[in-house]
Student: 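Below are the structure tokens for one structure; questions will follow.
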Amino acid sequence: MSESNIQNKTLSIRISTNGFCFCSYSPAHPDSLQYHFHPTDDDKSLAVNLRKAIESCPLVNKEGEQQVKAIIETTEYTVIPAEYDNKKDYKIFYRCCFPKSDSNIEIVSNRLTAQGFTLIFPVERGVYEVLQGLGEITYYTPASILMGYITRKPLPEENYMLAYIQQEYSLFIPVKEGKIGLTNIFRAKSHEDHLFYMLSIWKEQGFSQTEDTLYLCGNKSVEEMQLLISRFIKNRKRINPNELFPPSLLNRIEGIPFDLQALILCE
């Protein structure tokens, strides 16, 4: 591979309290994709864990020649219309929405031009400082990635809801007449919690139990969720990355988060 192609490689880092996913990839060379997972040590801070993971990860270019994208897994984010997108106001907007949030944070953003708004969300300050050592970072959160994905690669129905089920939270993105509505995210640890929030949003958005479609993606519990939902929503479809995404080395990696796949394959 030429030097220019090496420099064009992108390093995506997904940051979660459960561990860090590293993925190095060059769009011009799909076979260059490499993946590495580093678990966290509960006895150490997230920043210390991340620093150790970066130091030991063979995919990180220590000379800073890679483009770096960081996915911050968080349940705290808010949307700002494009006309009010001013970085100086991010903290004000954020504090209005989350007045009890930790003060030891930096507020970052991800602008979704096609949708006409910007998502702002927090990064623990220690984690932010570690990431800054890698160079210029583009920040994402699962909500912004999935909204961007269904905009660039729309699903066939005009009315549907995308439910992203994770171990400790549920993310719901309603789409009406092909347009993304207000997203919702809730902390949830049991199947019953996920189901309660899902059905609440479904009803609130005015979706039909028999005509509209629920798309499910996320962790392994999605299969069990489908059985619970069958009593309430007729049209349910599980998003299978092996079918949805084009043939790729990503399809062969077990356990890679759906949002990380979507970020890489939307490049």
Side-chain angles (χ1 to χ4, degrees), residues 7-17 20-23 25 27 45-51 53-54 60-61 64-152 164 169 171-174 179-187 257 259-260 262-264 266-267:
Q7 293 178 352
N8 287 333
K9 290 184 72 173
T10 297
L11 175 67
S12 298
I13 308 175
R14 189 180 193 278
I15 297 168
S16 166
T17 55
F20 311 108
C21 302
F22 294 84
C23 195
Y25 178 68
S45 71
L46 194 61
V48 170
N49 272 290
L50 179 59
R51 190 180 300 278
I54 288 174
V60 178
N61 189 325
E65 294 179 343
Q66 289 173 306
Q67 301 176 54
V68 181
K69 298 181 178 182
I71 303 173
I72 308 299
E73 188 176 57
T74 177
T75 57
E76 295 186 359
Y77 67 85
T78 191
V79 173
I80 299 175
E83 58 267 31
Y84 299 109
D85 186 356
N86 187 331
K87 191 174 182 179
K88 294 180 181 179
D89 297 328
Y90 285 176
K91 287 186 177 181
I92 297 174
F93 278 116
Y94 181 78
R95 290 301 175 193
C96 285
C97 296
F98 304 101
K100 297 182 180 180
S101 181
D102 186 357
S103 60
N104 190 34
I105 56 175
E106 294 289 336
I107 307 300
V108 298
S109 65
N110 185 202
R111 186 166 191 176
L112 299 176
T113 305
Q115 291 83 4
F117 54 74
T118 297
L119 267 74
I120 60 172
F121 45 97
V123 182
E124 182 184 311
R125 186 161 292 139
V127 169
Y128 179 84
E129 292 171 353
V130 172
L131 289 172
Q132 291 302 107
L134 296 177
E136 187 174 347
I137 312 292
T138 303
Y139 289 94
Y140 300 84
T141 193
S144 64
I145 293 171
L146 295 180
M147 282 189 279
Y149 179 79
I150 60 179
T151 298
R152 295 183 63 176
Y164 188 46
Y169 67 89
L171 170 65
F172 305 106
I173 304 176
K179 296 182 179 180
I180 296 175
L182 182 66
T183 65
N184 292 270
I185 190 167
F186 300 95
R187 294 185 183 277
D259 52 62
L260 178 54
L263 176 63
I264 293 169
C266 276
E267 292 180 345

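A quick note: this is a predicted structure, and the numbers were derived from the prediction, not measured.
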Student: Locate the shortest heavy-atom distance separating D259 from Y164; write the atom from each residue and the value.
Tutor: OD2-OH, 2.6 Å
Student: Say you draw a straight line from CG of L131 to NZ of K69; how long is it, rounded to the nearest 0.5 Å?
Tutor: 15.0 Å
Student: Considering only heavy atoms from C-beta outward, does the side chain of I145 approach that of I71 to under 4.5 Å?
Tutor: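 When only atoms from C-beta onward are counted, I71 and I145 do touch, with a gap below 4.5 Å.
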Student: Starting at CZ of R125, measure out to CD1 of I105 and round the result to the nearest 0.5 Å.
Tutor: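 Between R125 CZ and I105 CD1, I get 8.0 Å after rounding to 0.5 Å.
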Student: For atom CD of E83, decide whether the heavy atoms of other residues, nucleotides or ligands shown that lie under 6.0 angstrom number more than 12.
Tutor: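 More than 12 within 6.0 Å, yes.
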Student: Pick one: which of L171, I180, T141, N110 meets side chain to side chain contact (heavy atoms under 4.5 Å, CB included) with M147?
Tutor: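 For M147, the side chain to side chain contact (heavy atoms under 4.5 Å, CB included) test succeeds with only one of L171, I180, T141, N110, which is I180.
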Student: To the closest 0.5 Å, what do you measure between CZ (R111) and CG (L119)?
Tutor: 12.5 Å
Student: So do P142 and R14 actually touch side chain to side chain, heavy atoms under 4.5 Å?
Tutor: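 A side-chain contact under 4.5 Å exists here.
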Student: State, with a plain yes or no, whether a side-chain heavy atom of S144 is found less than 4.5 Å away from one of Q115.
Tutor: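 S144 vs Q115: side chains apart.
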Student: Pair I13, C21 - check side-chain contact (heavy atoms from CB on, under 4.5 Å), show working.
Tutor: CA-CA 6 Å; I13 308 175; C21 302; over 6 Å; no
Student: In Å and rounded to the nearest 0.5 Å, what is the CD1 to OH distance from I107 to Y128?
Tutor: 10.5 Å
Student: Walk me through whether T183 and Y77 qualify under side-chain hydrogen bond (donor to acceptor under 3.5 Å, both in side chains).
Tutor: CA-CA 10 Å; T183 65; Y77 67 85; 2.7 Å; yes
Student: Under a 4.5 Å cut-off applied to non-hydrogen side-chain atoms, are E136 and V68 in contact?
Tutor: no
Student: Does a donor on one side chain sit under 3.5 Å from an acceptor on the other, for Y139 and S109?
Tutor: no
Student: Any luck finding a side-chain donor-acceptor pair between S12 and Y140 under 3.5 Å?
Tutor: no
Student: How about I80 and Y90: do any of their side-chain heavy atoms sit closer than 4.5 Å?
Tutor: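 I80 reaches Y90 side chain to side chain.
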Student: With a 4.5 Å heavy-atom cut-off, do E73 and I15 have their side chains touching?
Tutor: no
Student: Consider only side-chain N and O atoms of Y84 and D89, and report whether a donor and an acceptor are under 3.5 Å apart.
Tutor: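 Result is no, nothing qualifies.
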Student: Does the side chain of L11 reach to within under 4.5 Å of the side chain of Q67, using non-hydrogen atoms?
Tutor: no
Student: I want to know whether F98 and Y94 have ring centres closer than 6.0 Å.
Tutor: yes
Student: Looking at OG1 of T78 and CZ of R95, how far apart are the two atoms once the value is rounded to the nearest 0.5 Å?
Tutor: 13.0 Å
Student: Any side-chain heavy atom of F22 sitting closer than 4.5 Å to one from V60?
Tutor: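 When only atoms from C-beta onward are counted, V60 and F22 do touch, with a gap below 4.5 Å.
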Student: Between A47 and E124, which heavy-atom pair has the shortest distance, and what is it?
Tutor: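 Taking every non-hydrogen atom into account, N-OE2, 4.0 Å.
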Student: What distance separates L146 CG from F172 CZ, expressed to the nearest 0.5 Å?
Tutor: 12.5 Å
Student: Give the minimum heavy-atom separation between A70 and I137, together with the two atoms involved.
Tutor: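 Taking A70 first and I137 second, the nearest heavy atoms are CB-CG2, 3.7 Å.
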